[in-house]
Amino acid sequence: MRQAAALHSSLLALGASTGLASAADAEGQHSTPAPAAGSAVKDLVGRARNARKLGKWHEAYYAYKAAFDAAEAVPSAIGERAELAGELGLCALALRKYREAAEHLTWSLEQGHALTDEVRLRFEVGQARAAFYLVRVLLSVDPPDAEVLIDGKSIGRTERIYKLFLDPGRHMVRARAPGREDALHVVSASAGSEIEIAMQLPRLPVSGAKEAPAAPEAASASPAARPQASSPWASWPGTLRIAGIGLTVAAGSLGAAFMVRASTTDGDLDERNARLDAAGVSPGVCREPPKPATCSELTRLRRERDLFAGLGTAMVVTSGLVGAATLASFFADLSFLRTEPTKARLALTPTVTPAQLGLVAYGAW
């Protein structure tokens with residue numbers, strides 16, 4: 001019995017140790033580290049290069065894209081990501097995805113310190129080829145945290161200066177930010193063009209309710225406003241006065257112009273008479289037939305002088321009469337000089353409508 005009990009205990013101990021070993025092995029299997037991200041990137045790059053050598057640009061494009069995304073998880077792979085972005089851009093260029101190619105190549109070249117001279121030269125040539133088919137836009141935005149949308153789609157990042165590539169044609173660039181007015185700009189250009197745009201978003205105006213006290217409170221705190229005398233220019237006498245002033249100035253200006261023209265014509269007439277006298281032509285030659293051709297010209301000048309002189313005189317006289325009447329209207333009605341209405345006042349205003357003619361009486365007692 002003792003030997004059986006000892007054997008049973010040994011079997012239990014052996015089973016326990018075996019179970020612990022199995023658990024440890026299982027735990028070790030679960031804790032085995034996954035393949036490093038760097039090895040995955042290398043595998044994808046190898047596949048992309050092989051596909052590129054065979055001219056399989058679609059396969060190379062997707063392999064480089066997967067490698068570029070995988071390299072983002074490795075902080076120390078910034079240089080590798082720069083080269084991957086450039087290679088991805090060259091594949092996009094081969095597939096005629098010009099906008100994507102230009103964006104990837106531009107970002108890669110901005111990390112130029114991580115590229116070799118040979119690689120940088122390849123990427124610069126590819127960027128130039130892609131930009132040939134696009135519109136290059138250099139956009140500056142203030143404030144820099146404003147959201148930028150191209151044709152209604154957000155570009156997904158915020159910067160102070162953007163280097164954008166757009167397809168040829170017409171595009172709407174919009175910038176918006178909280179507490180600011182939206183800024184809009186229309187881009188319309190052909191392929192190969194370069195455009196610089198500066199967009200500034202002004203602050204929204206402060207609400208008027210916060211700047212001034214409410215109207216009811218102001219009304220209750222101040223006494224009732226006294227009625228103001230109506231301006232003489234707001235009624236029909238004022239309209240007539242304005243018309244009279246305008247007519248006076250216009251008539252006087254026309255009269256002066258006509259008088260100047262008459263004086264000029266009279267000078268021409270005197271000059272022609274002086275020439276005839278110098279040529280020995282008798283002054284009475286135009287009274288007897290046959291009349292020379294010069295006489296008709298002299299007659300025309302005399303009529304023109306008399307006409308403009310008469311018109312000028314008439315305009316000057318008209319200007320004086322209208323001006324005098326307008327001035328008299330100011331002296332006849334001195335109500336516009338009053339700063340405050342009298343306590344008791346009655347006023348009559350003529351009213352003319354298509355159906356009736358009458359007077360309207362109003363006042364205060």
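Residues: numbered from 1 along the sequence shown.
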With a 4.5 Å limit on heavy-atom distance, are the side chains of [X] and [Y] in contact?
{"X": "Val135", "Y": "Asp167", "result": "no"}
{"X": "Leu93", "Y": "Cys91", "result": "no"}
{"X": "Met199", "Y": "Ser140", "result": "no"}
{"X": "Thr313", "Y": "Met315", "result": "no"}
{"X": "Leu149", "Y": "Ile155", "result": "no"}
{"X": "Leu138", "Y": "Glu194", "result": "no"}
{"X": "Leu95", "Y": "His58", "result": "yes"}

Which pair of non-hydrogen atoms, one from [X] and one from [Y], has the smallest distance, and what is that distance?
{"X": "Gln111", "Y": "Ala82", "answer": "CB-CB, 3.7 Å"}
{"X": "Gly86", "Y": "Leu105", "answer": "O-CD2, 3.4 Å"}
{"X": "Ile195", "Y": "Ala189", "answer": "CD1-CB, 3.6 Å"}
{"X": "Ala101", "Y": "Ala130", "answer": "CB-CB, 4.2 Å"}
{"X": "Ser108", "Y": "Ala85", "answer": "CB-CB, 4.2 Å"}
{"X": "Ala183", "Y": "Gln200", "answer": "CB-O, 4.3 Å"}

Is [Y] reachable from [X] through a run of I, L, V, M, F, W or Y residues, each pair having side-chain heavy atoms under 4.5 Å apart?
{"X": "Phe68", "Y": "Leu90", "value": "no"}
{"X": "Leu307", "Y": "Phe258", "value": "yes"}
{"X": "Leu84", "Y": "Leu44", "value": "no"}
{"X": "Ile150", "Y": "Leu134", "value": "no"}
{"X": "Leu166", "Y": "Val141", "value": "yes"}

Evaluate the ring planes of Tyr98 and Tyr133, with Trp represented by its six-membered ring, and classify them as parallel (under 30°), tilted (30 to 60°) or perpendicular (over 60°). parallel
Taking NZ, NE, NH1 and NH2 as the nitrogens, is one of them in [X] or [Y] under 4.0 Å from a carboxylate oxygen of the other?
{"X": "Asp182", "Y": "Arg176", "result": "no"}
{"X": "Arg303", "Y": "Asp306", "result": "no"}
{"X": "Arg300", "Y": "Glu304", "result": "yes"}
{"X": "Glu87", "Y": "Arg52", "result": "yes"}
{"X": "Arg129", "Y": "Glu124", "result": "no"}

Between the main-chain N or O of [Y] and the side-chain N or O of [X], is there a donor-acceptor pair closer than 3.5 Å?
{"X": "Asn50", "Y": "Gly46", "value": "yes"}
{"X": "Ser263", "Y": "Met259", "value": "no"}
{"X": "Ser188", "Y": "Arg170", "value": "no"}
{"X": "Arg120", "Y": "Leu115", "value": "yes"}
{"X": "Ser253", "Y": "Val249", "value": "yes"}

Hey, mind stepping through Met172 and Leu184 against side-chain contact (heavy atoms from CB on, under 4.5 Å) and telling me if it holds? CA-CA 7 Å; Met172 176 67 72; Leu184 299 174; 4.2 Å; yes
Counting only heavy atoms from other residues, nucleotides and ligands, does the tally under 6.0 Å from OH of Tyr162 exceed 12? yes
Arg47, CZ: over 12 other non-hydrogen atoms inside 6.0 angstrom: no
Here's a test for you: under side-chain hydrogen bond (donor to acceptor under 3.5 Å, both in side chains), which of Arg136, Gln127, Lys163 qualifies with Thr106? Gln127
Give me the one residue out of Thr264, Thr265, Asp266, Asp268 that meets side-chain hydrogen bond (donor to acceptor under 3.5 Å, both in side chains) with Arg305. Asp266
Determine, step by step, whether Leu139 and Val148 satisfy the side-chain contact (heavy atoms from CB on, under 4.5 Å) criterion, reporting the C-alpha distance in whole Å, the side-chain angles of both residues, the deciding distance to 0.1 Å, and the verdict. CA-CA 10 Å; Leu139 173 64; Val148 177; 3.8 Å; yes
Might you work through the side-chain contact (heavy atoms from CB on, under 4.5 Å) test for Arg81 and Trp107, ending with a clear yes or no? CA-CA 10 Å; Arg81 292 194 76 225; Trp107 184 86; 4.2 Å; yes
Could you go through Glu118 and Arg122, starting from their C-alpha distance and side-chain angles, then the distance that decides it, and tell me whether this counts as salt bridge (charged side-chain N to carboxylate O under 4.0 Å, His left out)? CA-CA 6 Å; Glu118 181 182 357; Arg122 289 176 52 233; over 6 Å; no
Derivation of the side-chain contact (heavy atoms from CB on, under 4.5 Å) call for Leu201 and Glu181: CA-CA 6 Å; Leu201 284 65; Glu181 296 182 7; 5.9 Å; no
When you measure from the centre of the six-membered ring of Tyr61, is the NZ or CZ of Lys56 closer than 6.0 Å and no more than 45° off the axis? no
Can you see whether Glu59 engages Tyr64 through a side-chain donor-acceptor pair at a distance of less than 3.5 angstrom? no
OG1 of Thr318 to CG of Leu254: how many Å apart, nearest 0.5 Å? 10.5 Å
